[in-house]
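Reminder, nothing fancy here: chain letters follow the sequence lines and each chain counts from 1. The structure presented is a predicted model; accordingly, all values stated were derived computationally and were not measured.
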Amino acid sequence: MQTPDPISKPITIAGHWNFEYRYFAGAVASRFFNEIKINRRIMGTRVPSTGRVLVPARSFCDASYERTGEWVEVGPEGTLDIFTIVAAKFPGLPDPPFVMGYVTLDGADTAVLNYVRGVDLTDIEAAGNKLMAKPRVRAIFSDVREGRITDFHFELIAPI
Amino acid sequence: MGISPNSAYIQGVAISVTWADAERSLPDLIFETVTGALSNAGAKMAEMDSVVLAAHDLVDGRSLSSMVTAPAAGAYMRDEIRLADDGLVAASLAAARIEAGESEFSVVAACGRASEGDFQRTSQTAFDPFMIQPLGLDEFSLSALRLSAWLQRHPGLEDSRRRAGQARARRAGSNGRALKSGGHAPNLWHPLRQEEAPCMADIVVAAILGPRPARVRIAGTGHSTDSSNVGDRDLLRMPSLAQAAERALSSASMQSRDIDLFELEGATLFDEAYALEVLGLAAPGQGFATYADGTGINPSGGGASGWCYPAMGLVRLAECYLQLTGQAQGVQVPGRLRAALATGFSPVGAQSHGAMVLVTA
Amino acid sequence: MRDPVAIIGVGQTTYRRRHVERNTAELVRDAVEAALTDAQIDSDAIGVIVGGVAPDALAGINHIDMASISRPGVPYFRVNTGGATGSSAFLAAMSWIASGRCDVALVVAVERMGYATTAQAVFNSIFDPIYEKDISISTISMIAMRATMLMQEYGYTTDHWASLAAKNSLASQNNDTLENPRLFDKAQVLASPILSWPIRTLEACPMSEGVCVAVLASEKFVGARRAAWVLGTGAFSDAYAMGDRIRRPEGSLVELLTLRRSAEKAYREAGIANPSEVIDCVEIQAPFASAEAMAYSALGLCEAKNGPAFLDRLLEGRTRALVNPSGGPQAANPVSATALIRIVECALQVRGLAGKRQLDGVRHAVATGQGGATQFSTAVVLGSNRP
């Protein structure tokens, strides 16, 4: 092996990429979170022209480009429409395995993303195949709620 | 380019300048501003067939910010594109699409919400990580370097410098669209003074572009770019600004003396005023004086009315539109205005510039 | 209708995990020089440069394009539509030429993610910080959820994903832009660890860096140059939330309404009534097998419900159109460039310059771009003959 010439030694400098932000949720998302935090209920907003109930609550509808109207309580039960089981560790993300999925709560026309807890994940392939049946789930509210989407999660109503 | 049957026209605009309004999310602000521009244009979203956005992920604190923001501008099932560039460039691209016959009506929107993040801090990360970042330069530092070079060449112009600052503050005070409370000034390097800073604010701006008939035609556009290496730049010549304006005027078959109204973008008061010298509108050394005493020169109050990249070029353009259509209210320039020139810039340290000439139809 | 525009030159660096010995500006210069040589033009001819760089965080430098892509005196701007960045930049350059502002445009897409140690954490931060980011969703879990929906709706199986990944890995062996393309078979995919069920490690695209360049020209500038003509284009955007699209009557999440409409518009402009009988080559911007399968029906190659049967025929080599002869993004997926690479690969095919991966007699090719949570779609139809 050749002795490296110190003058040619490649230089690498370390960098960090971390910036602080404060995201304003706005009036509608704030009410959505406060309803969960204070009243333990999940609310959507109705689109006037189509009648669709958007969950989580939105101040306007992307599709019809109009302000939403009345607030509607949905759930707490619903259907796990689609899901995945994260099985690998990615730097900066939580330790696996865990299940996340989109749940259409009863009374809603759109699905909300959240964790699905309490699923037996000892055999991930088997668990994945079972969850394909679009099982019914229920929103479970955390004892300590801080006004974030993680104030609740979903659990299967019946074991699979 | 002359008056082609395919020329693009501005049909309406809206400007929103706020600070840390917790009642409104970023998408809320965009939805309301685009709705306001549609209303100003007397148009409906259903008539729009394309959307061009200008937004920057690090300003928005969302790593692909148009995912969340594009639908708020009406992107749903429309041809939508997002530039990580200044808002005036977005207007230019929308105009190109209309001129090319690719689009009939386009929503152009740009946003920069200074209260959610730290623009000055994130702008530091745009400089070369080996040579420049360790020195802590940010988007405003080059203005300080430019001013020090200018002061060496033009000493003893303290009076005009002070008057330019007063004029800018006065105009911002008369501008109903300016930020009224909140905001903050970035930390500026010597020889810049804090009162020469822009007022960091939450800016959302939208314009509706379309075919004739309309009151304001986009008569010319121009763009250019400077060297990226700060040491290679001629800070006082600002070739990219000069070329962008020259190209916009020549594509409109006009000269600067044909322009009644200027809205010139700059990171600081000095850059706004110095643009007058670069464009040949003020004699060397007379930028501050012309800024203070001229009519139709940044009547909006420029950066003192509220500032955040990458919205500003489109704000300058929207202010020109409001002036040309007599809707500028408290800062309306009297008399008949037929032509206006707006400029905008993009990082790093105003490395690229865009310019647009508007004329009354 | 706009005047015709063509691709007259392309240039690519190799795509690999990390380009250790070249800085970004050097990589750009390599690809640009190759493209200008291919186009037989000097750099003086360039009227605009459109840069494509997706999330700044992947490179760890804000506006890396300004020091590496832009050139003094030349109009320059940057496009960022996530995974569709490359094709969006291409469409913006087309608009610039078609409006008459210039005759020649350079599109330069750069990906410099090789040193990002937390790519999935960056991809988590593309999601809405109010409602979704806290659930640690990233691009892999996002694609995995759509894969479960494809399996539920149409009967695709994990075997399908593994077989398709193996097919693309085999094709990638012919692609000389790839350094050390991975070669594996279906059994190896199925035996590889689960990343995010139903996705396994070998199905996922590798992290890749590189630069892709295309030179576009107006009809009058093309002259006798060997051109890939742009016959049609389309671009559509969707609602942000995937949850809004799962039960949407107008078209579900996996029906890929935006790509369907983009392709319909592009085919209409190209005068193509039946794409499955006309298109010879398809390059789909799909970093995972399930994302590729989702595009087939949106591109009009089959009915959605017949997707699995179409995929079976594709795997047996019995379809008219050949999909991803380059190996596609499963072989290399430099995020900012990947959608431009699809267009450039199609341009090489219709110009007959694709080397070992050249297909026979390609007259029509279609390339897709896909950004966000399948939110931004583009379709570009290229042809060997002047329209």
Side-chain angles (χ1 to χ4, degrees), chain A residues 10 12 15-17 19 21 23-26 29-30 32-33 50 52 54-58 61-63 79 81-88 90-94 96-104 108-115 121 124-125 127-129 131-134 148-150 153, chain C residues 20-21 56-57 60-62 115-125 127-138 140-152 158 193-201 204 237-250 253-254:
Chain A
T12 309
H16 297 279
W17 194 262
F19 310 109
Y21 293 95
Y23 301 107
F24 298 107
S30 296
F32 174 83
F33 287 133
T50 60
R52 278 159 65 97
L54 305 181
V55 177
R58 251 67 61 79
C61 171
D62 288 358
T79 303
D81 283 338
I82 63 175
F83 71 95
T84 183
I85 307 168
V86 179
F90 297 102
L93 296 181
F98 57 88
V99 182
M100 71 172 77
Y102 279 96
V103 169
T104 301
D109 291 288
T110 66
V112 57
L113 178 69
N114 217 313
Y115 294 111
L121 297 176
I124 287 171
E125 194 70 43
N129 283 315
L131 289 172
M132 292 283 282
K134 301 191 180 184
R148 288 181 83 150
I149 198 72
T150 43
H153 64 269
Chain C
V20 182
E21 62 293 294
D56 297 279
I61 298 174
N62 184 1
Y115 289 91
T117 52
T118 54
Q120 285 300 313
V122 172
F123 288 131
N124 169 241
S125 67
F127 290 92
D128 176 25
I130 315 284
Y131 281 146
E132 295 205 316
K133 184 170 158 248
D134 286 345
I135 311 301
S136 58
I137 182 172
S138 72
I140 293 177
S141 45
M142 154 190 108
I143 286 168
M145 286 192 279
R146 289 199 304 257
T148 63
M149 186 166 177
L150 282 163
M151 293 160 76
Q152 290 164 334
T158 48
I194 299 172
L195 273 184
S196 191
W197 194 89
I199 290 176
R200 292 182 179 273
T201 308
S237 290
D238 210 328
Y240 160 72
M242 289 198 292
D244 289 6
R245 298 180 248 157
I246 292 172
R247 299 187 181 198
R248 178 172 60 183
E250 308 90 282
L253 181 61
V254 291

Next item on the list: Determine yes or no for a side-chain-to-main-chain donor-acceptor pair under 3.5 angstrom, with A/Glu125 supplying the side chain and C/Ile194 the backbone.
Entry: no
Next item on the list: With a 4.5 Å cut-off on heavy-atom pairs, point out which of C/Ala147, C/Ala239, C/Ser138 contacts chain A the most.
Entry: C/Ala239
Note to self: Quick one, A/Trp17 and C/Val122 - any side-chain contact, counting heavy atoms below 4.5 Å?
What the structure shows: no
Note to self: Nearest 0.5 angstrom please: C/Asn62 CG to A/Phe19 CZ, how far?
What the structure shows: 7.0 Å
Item checked: Backbone N/O of A/Leu93 and side chain of C/Ser136: donor-acceptor pair under 3.5 Å -> no
Checklist line | Contact winner vs chain C - A/Gly26, A/Ala25, A/Pro91, A/Gly92, heavy-atom pairs under 4.5 Å | finding: A/Pro91
Note to self: Heavy-atom pairs under 4.5 Å with chain C: which of A/Val99, A/Thr104, A/Leu54, A/Val103 has the most?
What the structure shows: A/Thr104
Item checked: Any side-chain heavy-atom pair of A/Arg58 and C/Tyr131 under 4.5 Å -> yes
Check: So what's closer than 4.5 Å to chain A heavy atoms on C/Asn124: side chain, backbone, both or neither?
Finding: side chain
Next item on the list: Looking only at non-hydrogen atoms, find the nearest pair between C/Gln152 and A/Met132 and report the distance.
Entry: NE2-O, 3.3 Å
Checklist line | Contacting moiety of C/Ile143, where chain A heavy atoms sit under 4.5 Å | finding: neither
Check: Heavy atoms, side chains only, cut-off 4.5 Å: are C/Gln120 and A/Val86 in contact?
Finding: no
Margin query: Does any backbone or side-chain atom of C/Asp128 lie under 4.5 Å from a heavy atom of chain A? Answer side chain, backbone, both or neither.
Written below: neither
Note to self: Going by the rule ring pair (Phe, Tyr, Trp, His ring centres under 6.0 Å), which residues pair with C/Phe123 if we only count those two or more places apart in sequence or in a different chain?
What the structure shows: none
Item checked: Region of A/Ala29 that comes under 4.5 Å of a non-hydrogen atom in chain C -> both
Notebook entry, point to check: Any side-chain heavy atom of A/Asp81 within less than 4.5 Å of one from C/Met149?
Noted result: no
Margin query: Using the rule given for side-chain contact (heavy atoms from CB on, under 4.5 Å), can you reason through C/Arg247 versus A/Asp109, listing the C-alpha separation, both sets of side-chain angles and the distance that settles it, and then say yes or no?
Written below: CA-CA 7 Å; C/Arg247 299 187 181 198; A/Asp109 291 288; over 6 Å; no
Checklist line | Segment of C/Met242 engaging chain A (4.5 angstrom heavy-atom cut-off) | finding: both
Item checked: Any C/Ile246 side-chain heavy atom under 4.5 Å of A/Thr110 side chain -> no
Next item on the list: Determine, stepwise, if the pair A/Leu131 / C/Trp197 fulfils side-chain contact (heavy atoms from CB on, under 4.5 Å).
Entry: CA-CA 11 Å; A/Leu131 289 172; C/Trp197 194 89; over 6 Å; no
Check: Is there side-chain contact between C/Ser196 and A/Met100, with heavy atoms separated by less than 4.5 Å?
Finding: no
Item checked: Pick from C/Glu21, C/Met145, C/Arg146 with the largest number of heavy-atom pairs that fall under 4.5 Å of chain A -> C/Met145
Notebook entry, point to check: Considering all heavy atoms of both residues, which atom of C/Asp244 and which atom of A/Arg52 are nearest to each other, and what is their separation?
Noted result: O-NH2, 3.4 Å
Notebook entry, point to check: So how far is it from C/Ile199 CD1 to A/Thr84 OG1, rounded to the nearest 0.5 Å?
Noted result: 6.5 Å
Check: Heavy-atom distance under 4.5 Å between the side chains of C/Ile137 and A/Tyr102, does that happen here?
Finding: yes
Next item on the list: Not counting sequence neighbours, which residues clear ring pair (Phe, Tyr, Trp, His ring centres under 6.0 Å) with A/Phe98? List them please.
Entry: A/Tyr115
Check: Where does C/Asp238 contact chain A at under 4.5 Å (heavy atoms): side chain, backbone, both or neither?
Finding: neither
Next item on the list: To the nearest 0.5 angstrom, please state how far the CD1 atom of C/Ile135 sits from the CG atom of A/Leu113.
Entry: 5.5 Å
Notebook entry, point to check: Does atom CZ of A/Arg148 have more than 12 heavy-atom neighbours from other groups under 6.0 Å away?
Noted result: no
